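Note that the structure is predicted; figures quoted are calculated from it, not measured. Whatever order the structure lists ligands and atoms in, that order sets their numbers, starting from 1.
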Amino acid sequence: MKVRRSNRLVDMTRYLLEHPRTLVSLKFFSERYGSAKSSISEDLSIIKHTFQTWGEGRLKTIPGASGGAVLAPFYSQENAEKAIANLVNEVNDDSRFLPGGYVYLSDLIGRPDILHQVGQIIATQYMDKDVDVVMTVETKGIPIAQSAAMYMNKPFVIVRNSSHITEGPTVSVNYVSGSVKRIKKMELSRRTLSAGANVVVVDDFLKGGGTLNGMASLIREFDANLVGMTVLAESSNSDHRLVDDCTSLVTVDAEDGDQKTITARPGNFMENVFGKEN
Ligand SMILES: O=P(O)(O)OC[C@H]1C[C@H](OP(=O)(O)OP(=O)(O)O)[C@H](O)[C@@H]1O
């Protein structure tokens with residue numbers, strides 16, 4: 001059954017979006033639509049140009065008989081800026097104030113529209129980096145890791161705050177957490193990381209940096225490589241911070257005065273990724 005170009009373009013785009021960062025061969029599309037590979041190549045050029053025009057993804061085409069196409073979801077600088085401005089607007093709410101310099105974010109990391117934006121923003125940051133796995137720590141980092149891993153088409157692993165028989169043998173590290181400077185333990189199943197694995201760490205919030213620092217320690221224990229760390233939001237109060245090379249989408253000033261206020265502004269993502277001051 002020959003399929004018209006307009007129908008092919010819709011279905012090819014759907015298929016590529018549902019299989020991000022996966023090589024889809026010309027042969028697959030050619031057989032799927034009963035069309036010549038030359039027609040499919042023309043279709044892919046149209047899709048590639050369209051994504052470039054709208055700044056919402058990069059389609060790489062691989063020439064030759066074993067060639068095909070790989071769609072990498074990403075935001076252009078303009079679209080990343082718009083997405084981050086939306087996140088800032090969502091966080092910028094005094095009702096999110098929590099004691100101890102924390103910020104209430106649980107509603108946001110439960111919203112599919114927010115997770116879509118955060119995942120694609122993070123995938124943009126690492127799209128040209130060699131990444132094998134995304135790491136986060138339970139609990140609130142999990143939806144962020146799942147979204148980023150989906151857009152990066154990489155597995156993600158969950159660091160646990162306590163021992164679970166269901167994790168099998170684990171590697172554990174002690175770390176200093178939160179403003180109360182408590183010593184806590186985090187652990188990760190031995191089955192998750194292989195030596196030399198390239199790891200991206202993500203989480204929802206950065207305050208003192210103890211949690212991120214703990215995950216960096218775990219990565220060293222596995223002889224794996226830390227590619228980068230990215231959080232949805234970071235506290236602007238970076239006194240005695242235990243990490244200094246984390247990328248944030250949003251920076252939050254929490255004022256614990258008579259008025260409990262939250263003031264959000266863009267984090268260092270644009271500067272770190274696009275080399276652009278906000
Ligand atoms: O930079 P730090 O000072 O280490 O704090 C940031 C930690 C603390 C908080 O997690 P919790 O609310 O403690 O744990 P959960 O995610 O399970 O709610 C947040 O999600 C980050 O993981």
Polar-atom distance check: K140 versus ligand 1, any N or O pair below 3.5 Å?
yes
From atom 16 (O) of ligand 1, work out which of L98, T139, V103 has a heavy atom at the shortest distance.
T139
Show me which atoms of ligand 1 lie under 4.0 Å from any heavy atom of E138.
16 (O), 17 (O)
Just jot down the ligand 1 atoms closer than 4.0 angstrom to any heavy atom of D203, in number order.
21 (C), 22 (O)
Between the side chains of S39 and Y33, is a donor N or O closer than 3.5 angstrom to an acceptor N or O?
no
Is there a donor-acceptor contact under 3.5 Å from the side chain of R220 to the main chain of L226?
no
Side-chain touch T124/Y151, heavy atoms, less than 4.5 angstrom
no
Less than 3.5 Å apart, any donor N or O on the side chain of S235 or N237 sitting next to an acceptor on the other?
no
Any G209 heavy atom less than 4.0 Å to ligand 1:
yes
Lys/Arg cation over aromatic Y102: K207, 6.0 Å, 45° cone:
yes
Is a donor from one side chain sitting under 3.5 angstrom from an acceptor on the other, for E255 and T263?
no
D204 to ligand 1: N or O pair under 3.5 Å?
yes
May I ask you to check if ligand 1 and L206 share an N or O to N or O distance below 3.5 Å?
no
